[in-house]
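Below is one structure, written out as structure tokens; the observations come after it.
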Amino acid sequence: MNYDSSSSSLCDDDDDDNYYKDSYKKCYGCANWAEHLICCLTCKRTYHPKCHIPPITSTTISSNLESNDMELWTCTMCIDIDHVSKEMSEGTSDPNKNTLNENEICMASRILLELLCDTDNSIQFMNFPPKYLVSFYYHNYSTVSLYSVKNRLRSKDNYYTSFSDVIVDIKRIYSNALFFFHSSDISHKMAQKQQNLLFEILTKWVPQYHTDPNN
């Protein structure tokens, strides 16, 4: 059983569609196109406020607009997190707290946004596959998506009690797809590319979570 995501449309970037290209920008958090997005000064990626991780709040937007400094905004993708990586490698988490600390939230946010910004491949895994197309999937696999991890990370009831839980959920997105979709399916190839990207990110910043014994 295959679910072909090739019909999922991004932007029709034909050369004769100059008005569309000039007027709209792609949101790197959802792969949709819109006119009014927030642009990062450093990398020029654009986002809907709610699609960025963490969300760009109305307070941030209003204060920057009033001071005419919105162009100074920098997205999570451009923030140096080497110090976060170093602190996490030193085991600074409090084992007595069943919640993520500030460094772990920062790192999880960066990893998620790195994966989402790979829009050519992540679009298949932002949401759950349509149930009416792949009902078998829902009976045999734990449903998890990039957006569900994002929402769990932002939940006020501390859904994640450890950073390892976050990584296990993200890994499960791609292991599910690799088991479910045939190797010739576009979704299988997209899952492989996203999984490879995830492992590159983990190796770079949190190698201790590259291979998780709980996965």
Side-chain angles (χ1 to χ4, degrees), residues 1-15 26-33 43 45-48 51-53 76-77 81 85 104 107-154 159-160 162-215:
M1 181 181 297
N2 293 330
Y3 168 55
D4 190 344
S5 63
S6 60
S7 61
S8 298
S9 61
L10 293 177
C11 175
D12 183 7
D13 202 24
D14 293 334
D15 290 337
K26 179 175 73 173
C27 172
Y28 280 82
C30 70
N32 290 318
W33 291 69
C43 66
R45 292 183 179 91
T46 48
Y47 305 88
H48 292 105
C51 292
H52 184 261
I53 308 174
T76 296
M77 290 284 285
I81 60 169
S85 173
E104 291 168 333
M107 182 62 70
S109 299
R110 177 61 175 267
I111 292 172
L112 269 179
L113 200 57
E114 289 269 359
L115 293 168
L116 284 168
C117 283
D118 177 31
T119 53
D120 286 346
N121 299 302
S122 65
I123 190 170
Q124 170 68 5
F125 310 107
M126 291 180 182
N127 289 301
F128 303 130
K131 192 170 185 178
Y132 71 94
L133 288 178
V134 288
S135 58
F136 178 81
Y137 182 95
Y138 287 82
H139 293 293
N140 293 273
Y141 299 88
S142 300
T143 52
V144 62
S145 68
L146 292 172
Y147 282 174
S148 68
V149 175
K150 175 182 174 180
N151 292 333
R152 291 170 181 176
L153 185 64
R154 292 165 50 187
Y159 181 92
Y160 289 119
S162 71
F163 186 79
S164 177
D165 292 340
V166 181
I167 301 304
V168 167
D169 262 4
I170 297 175
K171 286 181 177 180
R172 186 176 290 118
I173 297 172
Y174 308 119
S175 62
N176 283 352
L178 292 172
F179 275 110
F180 181 74
F181 297 107
H182 190 270
S183 59
S184 63
D185 192 289
I186 183 70
S187 298
H188 190 280
K189 294 178 172 62
M190 293 163 76
Q192 283 184 318
K193 291 178 180 178
Q194 282 262 287
Q195 186 181 67
N196 290 339
L197 175 59
L198 173 63
F199 286 159
E200 288 176 9
I201 295 169
L202 296 179
T203 300
K204 179 179 181 180
W205 284 314
V206 279
Q208 63 271 36
Y209 293 99
H210 186 286
T211 302
D212 194 309
N214 296 318
N215 190 7

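No side-chain heavy atom of Asn32 sits under 4.5 Å from any side-chain heavy atom of Lys26. Counting heavy atoms from C-beta outward, Val149 and Tyr160 have side chains that approach closer than 4.5 Å. Between Thr143 and Asn176, every side-chain heavy-atom pair lies at or beyond the 4.5 Å cut-off.
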#### Entry: Test log, rule side chain to side chain contact (heavy atoms under 4.5 Å, CB included), inputs Tyr28 and Cys51
CA-CA 8 Å; Tyr28 280 82; Cys51 292; over 6 Å; no
### Task
Apply salt bridge (charged side-chain N to carboxylate O under 4.0 Å, His left out) to Glu200 and Lys204, showing your working.
CA-CA 6 Å; Glu200 288 176 9; Lys204 179 179 181 180; over 6 Å; no
### Message
Walk me through whether Tyr209 and Ile170 qualify under side chain to side chain contact (heavy atoms under 4.5 Å, CB included).
### Response
CA-CA 12 Å; Tyr209 293 99; Ile170 297 175; over 6 Å; no
### Query
Going through the checks in order, is the side chain to side chain contact (heavy atoms under 4.5 Å, CB included) test met by Met190 and Ile123?
CA-CA 9 Å; Met190 293 163 76; Ile123 190 170; 3.9 Å; yes
### Query
What's the verdict on side chain to side chain contact (heavy atoms under 4.5 Å, CB included) for Val166 and Leu112, showing C-alpha distance, side-chain angles and the deciding distance?
CA-CA 10 Å; Val166 181; Leu112 269 179; 5.7 Å; no
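Rounding to the nearest 0.5 Å gives a distance of 11.5 Å between CD1 of Ile173 and CD of Gln124. We find the CG-NZ distance between Asn121 and Lys193 to be 5.0 Å, quoted to the nearest 0.5 Å. From Leu115, atom CG reaches atom SG of Cys117 across 9.5 Å, with rounding to the nearest 0.5 Å. Separation of atoms CD1 (Ile111) and CH2 (Trp205) is listed at 8.0 Å; rounding is to 0.5 Å. Between the CD atom of Gln195 and the OH atom of Tyr174 there is a distance of 9.0 Å, given to the nearest 0.5 Å. Atom CD of residue Glu104 and atom OG of residue Ser164 lie 10.0 Å apart, to the nearest 0.5 angstrom.
Taking both residues in full, the closest heavy atoms of Gln194 and Asp118 are given as NE2-OD2, 2.9 Å, listed atom of the first, atom of the second, then distance. A pairwise comparison of heavy atoms in Thr76 and Ile53 identifies OG1-O, 2.5 Å as the closest pair. Taking every heavy atom of both residues into account, His48 and Cys30 meet most closely at ND1-SG, 3.5 Å. Between Ser145 and Phe125 the shortest heavy-atom distance is CB-O, 3.5 Å. The minimum heavy-atom distance linking His210 with Lys171 is given by the pair O-NZ, 2.6 Å. Closest heavy-atom contact between Leu116 and Gly29: CD2-O, 4.0 Å.
Here Asp169 pairs with Arg152, Arg172 under the salt bridge (charged side-chain N to carboxylate O under 4.0 Å, His left out) rule; sequence neighbours left out.
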